Amino acid sequence: MFKNLLVYRMAEGWTMPIDRLDESLAKEAFVECGASQEKSVGWVPPRGKAHGAFVEVVDGQWLLKLMIETKAVPASVLKRKVEEQCAQIEASTGRKPGKKETRDIKDDAKLALLPMAFSKQGSVQVWIDPGTRLVMLDAGSSAKADEVLTSLVKAIEGLNLSLVQTTVSAASAMAEWLRSGEPPAGFAIMRECELKATDETQAVVRYARHALDIDEVRQHIAAGKLPTKLAMNWDDRVNFVLTDAFQIKKISFDDVVFEGTSDKEDDGFDTDAAIATGELRKLIPDLLAGLGGELALGASPG
């Protein structure tokens with residue numbers, strides 16, 4: 001259900017009944033792009049069923065889904081159309097269009113081409129744990145996360161979120177784990193890593209499917225390279241890649257997690273949601289503890 005996680009903290013005092021939250025999201029429901037519309041963003045039922053609830057509650061966890069649709073005109077097609085229009089103007093008037101006129105021609109050409117452009121849809125899962133006041137986004141980049149946050153704050157009155165910061169920076173902690181060979185209790189270092197120099201060279205060394213408990217890795221760290229990505233396993237149950245920005249990526253679950261489950265019990269949504277949130281609700285606090293705990297507001301990570 002989740003491939004990536006960015007973890008945010010809700011400000012103290014925010015609360016909203018589920019029915020009111022559902023109504024708030026329904027007011028910002030997703031509508032497909034119009035003929036000349038480049039982008040549309042809105043909320044959809046996370047279970048994927050038409051006219052379903054906009055908030056699903058599974059084992060006390062709240063699940064939402066944001067849909068993003070974009071339409072793009074290929075740059076080469078747009079360029080050709082603009083050049084054709086400019087050539088026609090030059091042929092009929094004897095002058096070349098200026099910069100402002102060319103921009104207007106480009107805007108008009110894009111509007112004319114958008115109805116013929118193919119649309120692309122993508123969705124982002126949002127998980128709210130009301131008990132811990134944590135909000136997790138299944139976003140692979142900060143840019144995508146910012147778009148989801150904007151939609152959340154727009155739809156949900158009074159919601160204020162801040163990215164979780166840790167006392168020890170992820171880069172510093174990962175460097176120490178690799179240097180000492182001792183990750184936090186319950187975690188194991190796997191066979192993927194990226195190291196990046198902090199000087200002007202910005203040199204990058206990547207290891208894939210490679211043992212990391214070797215002198216070469218320790219020498220890179222001693223020379224000033226810091227980990228930007230490190231593959232890890234938690235409790236022989238969850239595999240993931242931790243980044244220097246405290247992003248949790250490439251999440252996958254070991255087979256033992258699914259033992260005793262049956263997809264015949266429901267449409268699969270409840271089972272997947274219960275397993276994913278159940279495991280990750282234990283992993284996240286352990287990972288925060290391994291990074292020295294959550295940083296106090298206004299402090300700087302070490």
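Bear in mind the structure is a predicted one, so any value in this text is a computation, not a measurement. Basis for what follows: all heavy atoms, side chains included, without hydrogens, waters or symmetry-related copies.
Proximity of a side-chain donor or acceptor of Ser40 to a complementary backbone N or O of Val31 within less than 3.5 Å is detected. Of the possible polar contacts, none joining the Lys225 side chain to the Val217 backbone as a donor-acceptor pair under 3.5 Å is found. Side-chain N or O atoms of Lys96 include none that pairs as donor or acceptor with a backbone N or O of Cys86 at under 3.5 Å. Within the 3.5 Å criterion, the main-chain N or O of Gly186 finds no donor-acceptor partner in the side chain of Asp235. For Arg9 (side chain) and Thr132 (main-chain N/O), a donor-acceptor pair under 3.5 Å exists by modelled atom type. Between the side chain of Thr167 and the main chain of Gly293, a donor-acceptor pair closer than 3.5 Å is present. Side chain of Gln247 to backbone of Asp244: no donor-acceptor contact under 3.5 angstrom is found. For the pair Asp138 (side chain) and Val124 (backbone), a donor-acceptor distance under 3.5 Å is absent. Side-chain atoms of Trp62 never come within 3.5 Å of backbone atoms of Val126 as a donor-acceptor pair (strictly under, hydrogens ignored).
More than 12 heavy atoms of other residues, nucleotides or ligands shown are found within 6.0 angstrom of CZ on Arg95. Counting heavy atoms of neighbouring residues, nucleotides and ligands inside a 6.0 Å radius, atom CD of Glu157 does not exceed 12 of them.
In this structure, a donor-acceptor pair under 3.5 Å is present between the side chains of Thr228 and Glu194.
Two residues are said to be in side-chain contact when any heavy atoms from C-beta on lie closer than 4.5 Å; Leu230 and Cys193 meet this criterion. With a 4.5 Å cut-off on side-chain heavy atoms, Gln85 and Val82 do not count as touching.
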Worksheet item: Stepwise, does the side chain to side chain contact (heavy atoms under 4.5 Å, CB included) test hold for Ile284 with Met136?
Response: CA-CA 10 Å; Ile284 291 171; Met136 280 66 62; 4.1 Å; yes
Worksheet item: After noting the C-alpha distance and the side-chain angles of Phe240 and Phe187, does the key distance pass the side chain to side chain contact (heavy atoms under 4.5 Å, CB included) rule?
Response: CA-CA 11 Å; Phe240 64 97; Phe187 291 90; 3.8 Å; yes
Worksheet item: Passes side chain to side chain contact (heavy atoms under 4.5 Å, CB included), Met10 versus Leu161? Steps please.
Response: CA-CA 5 Å; Met10 284 192 290; Leu161 300 174; 3.4 Å; yes
Item to complete: Step by step, work out the side chain to side chain contact (heavy atoms under 4.5 Å, CB included) result for Phe2 and Glu279.
Response: CA-CA 11 Å; Phe2 300 104; Glu279 296 296 327; over 6 Å; no
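The heavy-atom pair separating Pro45 from Gly52 by the smallest distance is CG-O, 3.5 Å. Closest non-hydrogen pair, Ala139 versus Asn4, comes out as O-CB, 3.5 Å. Of all non-hydrogen atoms in Lys71 and Gly34, the two that sit nearest each other are NZ-O, 3.3 Å.
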